Protein chains: 2
Amino acid sequence: MKMVDQIAAIPLFRGLARKQHEDLAMILMEQVFKRGNSIFFDGDEASGFYVVVSGRVKIFKLSPEGKEQILHIFGPGEPFGEVAVFTGRRFPANAEALEETRVFFILRAAFVDLVRQDPSLALNMLAELSMRLRRFTLLVENLSLKEVPGRLAAYLLYLSEGKKGINEVVLDISKNQLASLLGTIPETLSRILARMTREGFIQSSGQRQIRLLDRQGLEELASGERRLA
Amino acid sequence: MKMVDQIAAIPLFRGLARKQHEDLAMILMEQVFKRGNSIFFDGDEASGFYVVVSGRVKIFKLSPEGKEQILHIFGPGEPFGEVAVFTGRRFPANAEALEETRVFFILRAAFVDLVRQDPSLALNMLAELSMRLRRFTLLVENLSLKEVPGRLAAYLLYLSEGKKGINEVVLDISKNQLASLLGTIPETLSRILARMTREGFIQSSGQRQIRLLDRQGLEELASGERRLA
DNA sequence: CGTGGCCTTGATAAAGTTCAAGAGCCGTGG
DNA sequence: CCACGGCTCTTGAACTTTATCAAGGCCACG
């Protein structure tokens with residue numbers, strides 16, 4: 001695919017004039033990262049930001065003892081690292097490729113110029129950051145107000161969203177990574193999956209396939225109305 | 001003070017032309033809330049957003065069992081509720097006045113028009129939202145990767161920031177509210193303050209005065225290098 | 001066929017919450 | 001001016017949830 005078309009396909013750049021897409025094509029650079037490679041580190045100086053073209057990227061924090069908390073997982077079309085464009089100049093967390101990943105890198109100054117020129121780009125970015133804040137609100141709510149079974153139930157329901165009738169979900173990340181996303185450790189996650197299975201909420205086949213046997217029950221777990229025995 | 005001057009004093013509106021400040025003065029409405037009054041609820045339809053003129057506002061989530069997690073506390077000059085302007089149309093959390101509070105309320109459509117016209121307003125808002133995301137990153141890090149003593153130590157150091165030489169901090173909120181901000185409950189906070197006192201990190205006089213006796217030690221607690229006995 | 005990553009399970013320990021009771025403080029109204 | 005009621009804060013004991021440490025199974029890949 002031609003680069004301009006790839007750019008036009010990115011939601012952040014939707015509604016821009018062809019001319020602007022061409023400008024972007026001039027100022028951005030393409031990079032490829034292999035699975036497990038770091039894209040940037042918490043505290044690094046940021047000279048620009050990224051957009052995922054293909055593959056997936058996790059954004060995460062590390063504790064001194066090495067525990068990891070995943071903040072986001074971004075896929076194709078999603079920007080990351082933009083926070084450092086508008087404040088602080090340093091990345092507030094780490095970024096690493098979860099699989100072979102292609103990204104566009106866009107220099108700060110060039111991008112800010114574009115934002116200044118084009119209100120719809122500004123509004124797109126505002127929408128993106130607002131969405132991000134909304135998700136963070138949920139993450140904080142989960143971490144602080146729900147126990148691990150509730151967080152897991154919420155995640156399973158989230159995975160099955162929009163799939164009416166189909167109660168089979170496929171985890172899109174390893175259980176280790178899922179534990180880190182849910183703010184716990186693999187052992188705890190494993191035990192809770194076992195309990196949910198024992199109590200008839202779910203049934204799993206293979207490492208990543210989970211059948212939701214009791215959606216309603218899961219919703220009650222997620223909202224805190226019910227708890228595991 | 002005249003309204004236009006009050007508007008000009010708000011960081012979000014810095015760099016705008018006088019004309020724009022006058023436009024804003026036309027479209028915004030002033031409201032007053034008493035201590036403890038709700039400004040909006042999680043899930044409410046949002047027709048606009050707010051800026052604190054005087055007083056303070058807490059933004060928080062509630063669990064079904066009634067536990068509260070404070071997400072932000074905003075003071076004079078700070079906008080809140082903007083997330084609903086750019087996505088989703090509903091407020092993602094609750095807002096309540098911590099004391100007698102005056103706010104400006106700005107309608108969504110009018111504000112979006114202004115953003116469209118003025119790139120520097122857009123950039124100011126982008127900076128604001130980015131800062132907000134950065135703070136959330138810290139909040140998640142604290143909740144997930146630090147234990148309560150570490151969070152408390154970090155908060156005390158935060159309060160004393162910029163005050164070189166002065167090791168006396170004054171809590172700006174009640175201990176109940178502080179517990180909610182740190183993602184715990186008053187009992188736990190109370191116990192940890194007692195332990196910190198016993199171990200010589202701090203000393204308190206009155207309900208809200210705390211003297212930091214061992215800044216270095218607190219920093220080690222905050223970063224996880226050290227733990228309470 | 002062996003090695004390493006991922007996942008599971010058990011025993012133990014730590015951190016935090018819940019429940020209960022009581023002390024201190026403040027503003028209101030008698 | 002004092003007493004009452006309410007709120008905040010503290011402390012103790014029991015309990016719950018989660019993490020830690022240790023070991024073993026499974027599977028894919030070289």
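Fair warning: this is a prediction, and the values are worked out from it, not measured in the lab. Chain letters run A, B, ... following the sequence lines, proteins first and then strands; every chain starts at 1.
Distance, B:Lys146 NZ to D:dA19 C1': 19 Å, rounded to whole Å. When the P atom of C:dG5 is taken as reference, atom CZ of A:Arg208 falls 16 Å away, rounded to whole Å. As rounded to whole Å, 14 Å separates atom P of C:dC6 from atom CG of A:Leu178. Taking atom CD of residue B:Gln177 and atom P of nucleotide D:dC7, one finds them 14 Å apart after rounding to whole Å. For the pair B:Ile210 CD1 and D:dC9 C1', the computed distance is 13 Å after rounding to whole Å. In this entry the distance linking CD1 of A:Ile192 with P of D:dT16 reads 16 Å, nearest Å. Look at CE on A:Met196: it is 17 Å from C1' on C:dC7, rounded to the nearest Å. Between the P atom of D:dA19 and the CG atom of A:Leu143 lies a distance of 11 Å, rounded to the nearest Å.
Distances shown here put every side-chain N or O of B:Ser174 at or beyond 4.0 Å from the OP1 or OP2 atom of D:dC7. The phosphate of C:dC7 (OP1 or OP2) has no side-chain N or O of A:Ser190 nearer than 4.0 angstrom. Contact check, A:Asn176 against C:dG5: no side-chain N or O comes under 4.0 Å of OP1 or OP2. Contact annotation: A:Arg227 side-chain N/O to D:dT17 OP1/OP2 distance is under 4.0 Å. Between B:Thr188 and C:dA15 there is no side-chain N or O to OP1 or OP2 distance below 4.0 Å.
Among residues at least two apart or in separate chains, ring-ring contact (aromatic ring centres under 6.0 Å, His included) pairs with a member in residues 140-166 of chain B are B:Tyr155-B:Tyr158. Sorted by first and then second residue, the side chain to side chain donor-acceptor pair (under 3.5 Å) pairs with a member in residues 189-211 of chain A read A:Glu168-A:Arg211; sequence neighbours excluded.
Contact check for A:Met196 versus A:Leu221: side-chain heavy atoms found under the 4.5 Å cut-off.
Contacts of A:Lys67 with the nucleic acid, taken as non-hydrogen atoms under 4.0 Å apart, involve only primed sugar atoms and P, OP1 or OP2.
Between the side chain of A:Arg226 and the backbone N or O of A:Glu220, no donor-acceptor pair lies under 3.5 Å. Distance alone, capped at 3.5 Å, places no donor-acceptor pair between the B:Ser47 side chain and the B:Leu107 backbone.
Among the nucleotides C:dA15, C:dT8, C:dT17, the one closest to the side chain of A:Lys175 is C:dT8.
Each of A:Glu187 and A:Val148 was assigned the nucleotide of DNA chain D with the nearest heavy atom; the assignment lying further toward the 5' end belongs to A:Val148.
A donor-acceptor contact under 3.5 Å links the side chain of B:Arg191 to the base of C:dT18. Between the side chain of A:Gln207 and the base of C:dC6, no donor-acceptor pair under 3.5 Å is found.
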